[in-house]
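Following: one structure in structure tokens, then a few remarks.
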Amino acid sequence: KTFAQSYRRMALNALEPLLGRTVSVITADGRVIVGTLKGFDQTVNIILSGSHERVYSTTSGVEQVQLGLYIIRGDNIAVIGEMDEEMESDINLADIRAEPLNPVVH
């Protein structure tokens, strides 16, 4: 096996338990997208339902832009992780100020 094949297999194994769960995805261009993981394929393209993008700003609270059903190409995913919905419900996004993320540089 090549490194790429091993890496892809590891990614697929890590995504399987997240199906049906709320995840946060940071894309290579610095976007933060939250939604329910509905599916993925062998190239780690993912499908999210009920998704929204969180747009961060230093001057106002976090804006949530509704996206609905959304597909993200695997080569554009920098990080994906499960959201803690209980902790998430305690956070007031309107109070959060932050710099937007920069794109990933290879």
Side-chain angles (χ1 to χ4, degrees):
K1 286 185 179 179
T2 66
F3 174 77
Q5 289 170 326
S6 296
Y7 179 79
R8 192 169 17 257
R9 172 67 51 208
M10 182 179 69
L12 295 175
N13 289 340
L15 286 175
E16 187 74 35
L18 297 178
L19 281 171
R21 305 220 182 212
T22 302
V23 296
S24 177
V25 179
I26 300 175
T27 63
D29 60 357
R31 296 171 66 202
V32 178
I33 300 172
V34 176
T36 302
L37 182 63
K38 288 300 193 184
F40 57 89
D41 65 12
Q42 68 278 4
T43 57
V44 196
N45 296 317
I46 65 170
I47 302 169
L48 300 177
S49 69
S51 65
H52 63 273
E53 179 179 358
R54 291 185 176 175
V55 181
Y56 292 87
S57 166
T58 56
T59 58
S60 61
V62 177
E63 179 185 358
Q64 297 191 83
V65 178
Q66 296 303 313
L67 302 172
L69 190 63
Y70 202 72
I71 297 172
I72 304 173
R73 288 178 46 114
D75 60 359
N76 193 34
I77 297 172
V79 178
I80 182 169
E82 184 176 5
M83 299 284 289
D84 182 329
E85 293 187 50
E86 186 177 322
M87 184 181 290
E88 182 72 13
S89 67
D90 292 339
I91 297 172
N92 183 355
L93 293 174
D95 291 339
I96 295 177
R97 307 287 187 270
E99 291 279 341
L101 295 174
N102 292 323
V104 174
V105 178
H106 297 280

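Position 1 is the first residue of the sequence, and the numbers go up from there.
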Check: Does the side chain to side chain donor-acceptor pair (under 3.5 Å) test come out yes or no for His52 and Gln66, once each step is laid out?
Finding: CA-CA 4 Å; His52 63 273; Gln66 296 303 313; 4.8 Å; no

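- The 12-atom threshold is exceeded at CZ of Arg97, counting heavy atoms of other residues, nucleotides or ligands nearer than 6.0 Å.
- Clustering ILVMFWY residues whenever any of their side-chain heavy atoms sit less than 4.5 angstrom apart, transitively, puts Val55 in a cluster other than the one holding Ile91.
- Between Thr58 atom OG1 and Ile96 atom CD1 the span is 14.0 Å, to the nearest 0.5 Å.
- Tyr56 and Leu101 fall within the same hydrophobic cluster, where Ile, Leu, Val, Met, Phe, Trp and Tyr residues are linked whenever their side-chain heavy atoms come under 4.5 Å apart, directly or through other members.
- In this structure, the side chains of Thr27 and Ile77 stay at 4.5 Å or more apart for every pair of heavy atoms.
- Cluster annotation: Val65 and Leu93 are assigned to distinct hydrophobic clusters (Ile/Leu/Val/Met/Phe/Trp/Tyr, side-chain heavy-atom contacts under 4.5 Å, transitive).
- A 4.5 Å side-chain heavy-atom check between Ser24 and Val32 finds at least one atom pair inside the cut-off.
- Put simply, the side chain of Tyr70 reaches to within 4.5 Å of the side chain of Ile33, judged on heavy atoms.
- Counting all heavy atoms, side chain and backbone alike, Ser51 lies closest to Gly68 at OG-O, 2.6 Å.
- Counting only heavy atoms from C-beta outward, the side chains of Leu12 and Glu16 never approach each other to under 4.5 Å.
- Atoms CG and CG, on Asp41 and Asn45 in that order, are 4.0 Å from each other to the nearest 0.5 Å.
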Note to self: Could you go through Arg9 and Asn13, starting from their C-alpha distance and side-chain angles, then the distance that decides it, and tell me whether this counts as side chain to side chain contact (heavy atoms under 4.5 Å, CB included)?
What the structure shows: CA-CA 6 Å; Arg9 172 67 51 208; Asn13 289 340; 3.9 Å; yes

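- Asn102 contributes atom CG, which lies 11.0 Å from atom CG of Asp29 (distance to the nearest 0.5 angstrom).
- Side-chain contact between Arg31 and Ile26: absent, with no pair of heavy atoms (C-beta onward) separated by less than 4.5 Å.
- Put simply, NZ on Lys38 and CG on Leu18 are 13.5 Å apart, with the number rounded to the nearest 0.5 Å.
- Inter-residue side-chain proximity for Val79 and Val25 is flagged as unmet; no heavy-atom pair is nearer than 4.5 Å.
- Between Glu85 and Thr22, the side chains place a donor N or O and an acceptor N or O closer than 3.5 Å (distance only, hydrogens not considered).
- Taking hydrophobic clusters as Ile, Leu, Val, Met, Phe, Trp and Tyr residues chained together by side-chain heavy-atom distances below 4.5 Å, Leu69 shares a cluster with Ile71.
- Note: Leu15 CG to Phe40 CZ = 5.0 Å, rounded to the nearest 0.5 Å.
- Contact annotation: the side chain of Val34 never approaches that of Val23 to less than 4.5 Å [non-hydrogen atoms, C-beta and beyond].
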Note to self: The test is side chain to side chain contact (heavy atoms under 4.5 Å, CB included); show your working for Leu48 and Thr36 and say whether it passes.
What the structure shows: CA-CA 5 Å; Leu48 300 177; Thr36 302; over 6 Å; no

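- Rounding to the nearest 0.5 angstrom, the gap separating the OG atom in Ser57 from the CD atom in Glu63 is 9.0 Å.
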